[in-house]
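To start, the structure itself, in structure tokens.
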Protein chains: 4
Amino acid sequence: MAPLDPVRERAILDATLELLSEMGYDRMSVDQIAKRARASKATIYRRWAGKPELVVDVICNRFDMDAPRPRDTGSLRGDLAELVRCLCETAERKHTLIMGLSSTLVSNQELARALRAHLPSRDLSGVEALLVRGENRGEPARRADTARLAAVAEALVWHRLIFVGPPLDDAFVVEAADDVLFPLVRAWAERPVEQS
Amino acid sequence: MAPLDPVRERAILDATLELLSEMGYDRMSVDQIAKRARASKATIYRRWAGKPELVVDVICNRFDMDAPRPRDTGSLRGDLAELVRCLCETAERKHTLIMGLSSTLVSNQELARALRAHLPSRDLSGVEALLVRGENRGEPARRADTARLAAVAEALVWHRLIFVGPPLDDAFVVEAADDVLFPLVRAWAERPVEQS
Amino acid sequence: MAPLDPVRERAILDATLELLSEMGYDRMSVDQIAKRARASKATIYRRWAGKPELVVDVICNRFDMDAPRPRDTGSLRGDLAELVRCLCETAERKHTLIMGLSSTLVSNQELARALRAHLPSRDLSGVEALLVRGENRGEPARRADTARLAAVAEALVWHRLIFVGPPLDDAFVVEAADDVLFPLVRAWAERPVEQS
Amino acid sequence: MAPLDPVRERAILDATLELLSEMGYDRMSVDQIAKRARASKATIYRRWAGKPELVVDVICNRFDMDAPRPRDTGSLRGDLAELVRCLCETAERKHTLIMGLSSTLVSNQELARALRAHLPSRDLSGVEALLVRGENRGEPARRADTARLAAVAEALVWHRLIFVGPPLDDAFVVEAADDVLFPLVRAWAERPVEQS
DNA sequence: GGCTAAGCGAGACGGTACGTCTAGTCTTCTT
DNA sequence: AAGAAGACTAGACGTACCGTCTCGCTTAGCC
């Protein structure tokens, strides 16, 4: 058993994940985690420097952060709305966690970096596919920068969460898609920007 | 002295503001605030329901949240970059505070609302002026939705802060302006969206 | 309430005293004391540097350390046995506490001094009276050094506790009185030693 | 190597003995013993039931508990002082250990018995010789109960350690010999008590 | 000009989480 | 097959912080 037992680690991460959703970040105590995982606090602190580090690890390793893949709705505008909807879904899940952690993140840049590395939907293929479908339909989707489109969509969602708060309703989704993303994609298609 | 002494209130807000920048939100304790303000904790809790409320009050009343007014650079693209630069400046100041508070904001929607009411640059006249100048120059700035433009710009800045972190460098500013905001304004000018 | 509230102090000392006899020194935890006294651990640690200091205080202030006064049995030998019996009674009560503390006392001489100051039966008048009674009966009790007699008696009792252990039976009491204390008192009476 | 290796046992006892004098009983941890003896904790716990048992074993087997034999000083009074001096020497060495153990001894009578079996100077021949020498010199040493004399002397020394604390100075030695032991021996010689 | 009401500084209090430490058990790998 | 290495459970310890409360003192406003 000399190397840190992965079974125990798993149990601790599981317990943390459960409690995280049951109580939220700051009402969840390390003692509770230990009790639920039938682990000793020493076992927890042998692995993680503290509660925030543990939770970041949970987020990175056991939390499903990938947005669901946007479905084909038959039109570019519809697909963009669908994209925003998917991002909303994920962001609302992440939001609580990140907000709970953020007071720590501010004074712990190393931790912040670790978390950020796992935040974005690494998988851009959904957005890519959306643009390809649009192009195939003859819609003005060519040359759009996939990553930038995803970033702008994500930015709109998070901005809304921070400045207006949940819930993210359908009106917001449609506005974001129709008034920002769609015009933007069209603009890129017509006068492409030099890719950076 | 029967009504709550405004002098004491001021001293407490000042002390809080100082400590907030010296230590950050969560390493700052109420006892420290009391000591620095030569006030009793009772005096603090007679006015504010708790530490988060106090800090929100600091932000609302003693924290200069208004973005500096973007200057005229002679071109729409330049003005947009200038706008983003101004937003960056403000956002970086706000960022730390909001992140420190956010674990509380999640479970205290009332507080969140209070804070949000003071977050946005209420003053959109700078953005308005920017668009007017563009229009006067014959640039494609007509019919752009002032509030929406400001929101998108702000969204880009905050997204960057959350997902990449400070500092907000010049490359980011230029990209945001040239690759997103400028195409967007042009798109709006050419095929205006129905205002919501 | 500014000065440390004596009511709380009392409650804590009481709770400690109770738990001390219920569980013994080392199975008693500070958390238990706090819970029983309906006090916070902070309140305890504000007053005492730690568990040993608290217990020493209990012993000094709330523990009745005085031996019962030996009764008149009608003879010097009987009175001496009675004295030993009284000392046994007290010592057996003290024994557990001192033994529980002693691992700390070894490495904390300051604490040891505090405890020692409260250990001896300060009241020697019982022993004094015993000797006077003997003298009045014409028994050889003159000139005996009261303090020294008490010390020898006490030494015999503690030696027995340490080297043989409880319980202190009647045979021991009689032997101590008849074979040591009585001969000693007689010897002092016949050829008094120069008092030191 | 199949039978529990006596070499390892020896190493563990040695390490314990060293640490015992370096740090005292309660600041010495089992992990430290293991590390110093280059042994595993399992190896320790395979042989001894716990830390107290181990230490008792050290005391019984590797600790020289016997008082040095009192030398002939040419007079009974001098010999008695010499006896007390020898007891002091041993007691001061034992004192720390016993005090460190005592919190355990209280709640573990079996262990207490094991320790007690090794505590007294089993070898009474030194005391016996002392009395014989006195008798041969014509001093009043006849019929004295060797074991009881040793016990009283020992009692005086331990009482002093407990109630006044180390160090045991020369004044104490002389007083104990001249004011208690010598009168007592003389009294026994003149009116012998029936041996119990 | 006293009386009352309330704010005030000071700081103890209950509660609770944190992170550290130790004792004693158990597992895995090495020799 | 015994031993070294060291991870494990359990739980006590002492610290820090929050928000409440109680003291006296001082001040303001009203009779």
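The sequence lines fix the lettering, A, B, ..., with proteins before strands; numbering per chain opens at 1.
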The criterion is side chain to side chain contact (heavy atoms under 4.5 Å, CB included); which residues satisfy it with D:D14, sequence neighbours excluded?
D:R10, D:R62

Expressed in angstrom and rounded to an integer, what is the separation of D:I44 atom CD1 from F:dG6 atom P?
15 Å

For the pair made of NZ in B:K35 and P in E:dG9, what is the distance, rounded to whole Å?
14 Å

Counting any heavy atom closer than 4.0 Å, what does A:R38 reach on the DNA or RNA strands: base, sugar-phosphate only, or nothing?
sugar-phosphate

C:E9 atom CD is separated from E:dG14 atom P, nearest whole Å, by 12 Å

Listed by chain and number, what are the side chain to side chain contact (heavy atoms under 4.5 Å, CB included) partners of C:S21, not counting sequence neighbours?
none

Does a nitrogen or oxygen in the side chain of B:R8 sit under 4.0 Å from OP1 or OP2 of E:dA6?
no

Given side chains that start at C-beta, do those of D:R113 and C:V164 come closer than 4.5 Å, heavy atoms only?
no

Rounded distance in Å - CD1 (A:I33) to P (F:dA10):
16 Å

Partners of A:N61 by side chain to side chain contact (heavy atoms under 4.5 Å, CB included), sequence neighbours excluded?
A:D57

Please identify each residue that fulfils side chain to side chain donor-acceptor pair (under 3.5 Å) with D:T16, with sequence neighbours left out.
none

For DNA chain E, which residues in residues 15-23 of chain B have a heavy atom at a distance below 4.0 Å?
none

In whole Å, I'd like the distance from the CG atom of B:D5 to the C1' atom of E:dG7.
8 Å

Side chain to side chain donor-acceptor pair (under 3.5 Å) partners of C:E92, counting only residues at least two apart:
none

Residues forming a side chain to side chain contact (heavy atoms under 4.5 Å, CB included) with B:E53, sequence neighbours excluded
B:W48, B:A49, B:N108, B:L111

Once side chain to side chain donor-acceptor pair (under 3.5 Å) is applied, what residue pairs with a partner in residues 33-43 of chain A remain, sequence neighbours excluded?
A:E18-A:R36, A:E22-A:R36

In Å, rounded to the nearest 0.5 Å, how long is the span from CG of A:L54 to CD1 of A:I59?
10.0 Å

What integer distance in Å separates B:L4:CG from E:dG9:C1'?
15 Å

Taking N or O atoms only and anything under 3.5 Å, show me the protein contacts with nucleotides 20-23 of chain E, one pair per line.
residue: E:dA23; atom: OP1; partner: D:K51; partner atom: NZ; Å: 3.0
residue: E:dA23; atom: OP2; partner: D:V30; partner atom: N; Å: 3.0

Looking for any heavy atom pair under 4.0 Å, which part of the strands does B:A39 touch: base, sugar-phosphate only, or nothing?
sugar-phosphate

OP1 or OP2 of E:dC13 sitting under 4.0 Å from any side-chain N/O of C:R46?
yes

Upstream residue (5' side of DNA chain F) when B:Q32 and A:A34 are each assigned their closest nucleotide
A:A34

Taking for A:P52 and for B:T43 the nucleotide of DNA chain E with the nearest heavy atom, the one nearer the 5' end belongs to B:T43

